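Below are the structure tokens for one structure; questions will follow.
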Amino acid sequence: MREIEVKSALTFSEAKRRYTLSPYVGCTNSCVYCYARDYARRYREMKWESEVVVKKNIAEVLRKDIIRKKPGYVFMSTMCDPYQPIEEKYRLTQKCLEVFLEFPLLEIELMILTKSTLVLRDLDLFKKMKKLTVGLTVTTDDDEIRRIFEPNAASIEERIEVLKTLKENDVRTSVFISPMLPMDPEKLSKMLKPYVDFVFIDDMHYRWRVKEFYERLGLSWALEDEFFEKTRRRLLELFQK
Ligand code: SF4
């Protein structure tokens with residue numbers, strides 16, 4: 001872990017018309033396909049596989065940014081999983097949520113995305129937030145595949161349980177089926193449908209990075225356009241039913 005102090009918390013993306021908020025840079029979930037390093041251009045010098053940068057003062061800086069910057073949609077996070085294991089120690093994500101709650105009049109729209117069960121720790125805070133969506137990334141229905149591609153993240157079953165609990169507590173939920181890994185779309189949609197309000201589907205970016213990995217596993221077919229198109233079409237049909 002490398003602790004740093006930052007001057008800015010909210011980063012505006014012109015392309016996506018939204019702010020991003022990342023309490024950490026880097027992530028010990030160790031997903032094989034991780035794109036976070038591509039968003040973290042300012043941190044090129046860090047050892048991506050073994051280092052996590054901790055933005056120690058992010059909550060204090062966020063408070064200033066909220067006052068100083070134009071209100072807008074906030075996405076948490078692009079450069080890490082905001083509920084990766086070190087969040088248990090540093091609680092930076094939790095502190096940021098508490099800062100958002102200091103500004104109820106602004107009704108800031110927030111989207112949280114995670115693969116961790118730790119997200120449920122903040123359920124009481126979520127219940128106080130009016131414009132919040134909590135998203136879980138679920139890339140396959142097959143936990144064997146999950147273990148190969150996302151070795152340190154929660155199991156599929158655990159993520160579904162998280163979605164279920166959020167839904168039972170009236171928290172708006174979403175699922176990111178991104179990147180689509182080898183899967184049975186029928187099974188996956190059946191598992192998720194009762195517990196999600198929004199579904200985002202995307203194929204694999206930076207395919208060149210994982211090409212060899214797929215080849216070694218004999219899964220090259222799952223990196224072809226045909227697989228992504230067919231799976232996306234089927235998922236859309238199933239979720240729209
Ligand atoms: S959870 Fe997200 S940020 Fe973390 S390693 Fe996986 S893809 Fe990267």
Side-chain angles (χ1 to χ4, degrees), residues 1-2 4 9 11 13 16 18-44 46-55 58 74-90 92-94 96 110-122 133-140 142-163 166 173-183 192 200-211 213-214 219 222-223 228:
M1 304 302 151
R2 177 156 58 95
I4 62 163
T11 308
S13 155
K16 305 237 170 177
R18 70 179 185 197
Y19 290 105
T20 58
L21 174 62
S22 298
Y24 310 96
V25 181
C27 182
T28 54
N29 284 350
S30 309
C31 306
V32 168
Y33 53 79
C34 182
Y35 313 149
R37 74 181 78 191
D38 301 290
Y39 298 115
R41 296 205 179 90
R42 253 186 277 160
Y43 297 87
R44 277 193 204 286
M46 70 183 269
K47 294 184 200 87
W48 195 261
E49 277 76 26
S50 56
E51 194 178 3
V52 177
V53 171
V54 178
K55 298 180 182 175
I58 191 140
V74 178
F75 184 85
M76 209 173 173
S77 304
T78 48
M79 295 197 278
C80 64
D81 183 327
Y83 287 98
Q84 62 175 302
I86 48 161
E87 167 62 14
E88 219 164 338
K89 172 181 172 195
Y90 285 96
L92 296 182
T93 298
Q94 187 178 53
C96 287
L110 178 65
M111 162 77 86
I112 292 174
L113 183 61
T114 184
K115 291 178 178 133
S116 170
T117 55
L118 182 60
V119 68
L120 290 180
R121 179 200 63 193
D122 292 340
T133 307
V134 179
L136 269 289
T137 304
V138 185
T139 50
T140 177
D142 183 342
D143 209 51
E144 283 286 322
I145 294 286
R146 189 279 308 162
R147 250 188 291 153
I148 294 169
F149 284 83
E150 302 165 353
N152 300 335
S155 70
I156 304 299
E157 200 183 328
E158 285 171 327
R159 294 185 219 179
I160 308 275
E161 272 304 307
V162 169
L163 284 165
L166 291 166
T173 58
S174 66
V175 65
F176 279 63
I177 307 178
S178 165
M180 286 176 269
L181 298 182
M183 67 165 82
L192 293 167
F200 298 88
I201 302 170
D202 205 357
D203 56 11
M204 176 74 74
H205 298 187
Y206 314 110
R207 289 186 207 176
W208 54 269
R209 187 177 287 149
V210 288
K211 193 169 174 278
F213 187 79
Y214 272 70
L219 293 172
L223 212 49
F228 291 118

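Counting starts at 1 for both ligands and their atoms, following the listed order. Keep in mind that this is a model prediction, so the values were computed, not measured.
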D122 and Y83 side chains, donor-acceptor separation under 3.5 Å:
yes
I need the nearest protein heavy-atom contact for atom 1 (S) of ligand 1: residue, atom name and distance, please.
N29 ND2, 3.3 Å
R209 side chain to C34 backbone, donor-acceptor under 3.5 Å
yes
Report the part of A153 (side chain from C-beta onward, or backbone N, CA, C, O) that has a heavy atom under 4.0 Å from ligand 1; answer both or neither where that applies.
neither
Kindly compute the distance separating OG (S22) from NZ (K55), expressed to the nearest 0.5 Å.
5.0 Å
Let me know which of N29, T93, V119 forms a side chain to side chain contact (heavy atoms under 4.5 Å, CB included) with T114.
V119
Are R159 and E150 within salt-bridge range, i.e. N to O under 4.0 Å?
yes
So which heavy atom in the protein is nearest atom 5 (S) of ligand 1, and how far is it from that ligand atom?
C31 N, 3.4 Å
Does E87 pair with R121 as a salt bridge, N-O distance under 4.0 Å?
yes
Identify, by atom number and element, the atoms of ligand 1 in contact range of C80, meaning under 4.0 Å from any of its heavy atoms.
3 (S)
Should you measure from each heavy atom of S30, which atoms of ligand 1 turn up under 4.0 Å away?
5 (S)
Checking a contact table here: which protein heavy atom is nearest atom 8 (Fe) of ligand 1, and how many Å away?
C34 SG, 2.3 Å
Which ligand 1 atoms, with their elements, are less than 4.0 angstrom from a heavy-atom of C27?
1 (S), 3 (S), 4 (Fe), 5 (S)
Out of M79, K115, Q84, R37, who gets a non-hydrogen atom closest to atom 7 (S) of ligand 1?
K115
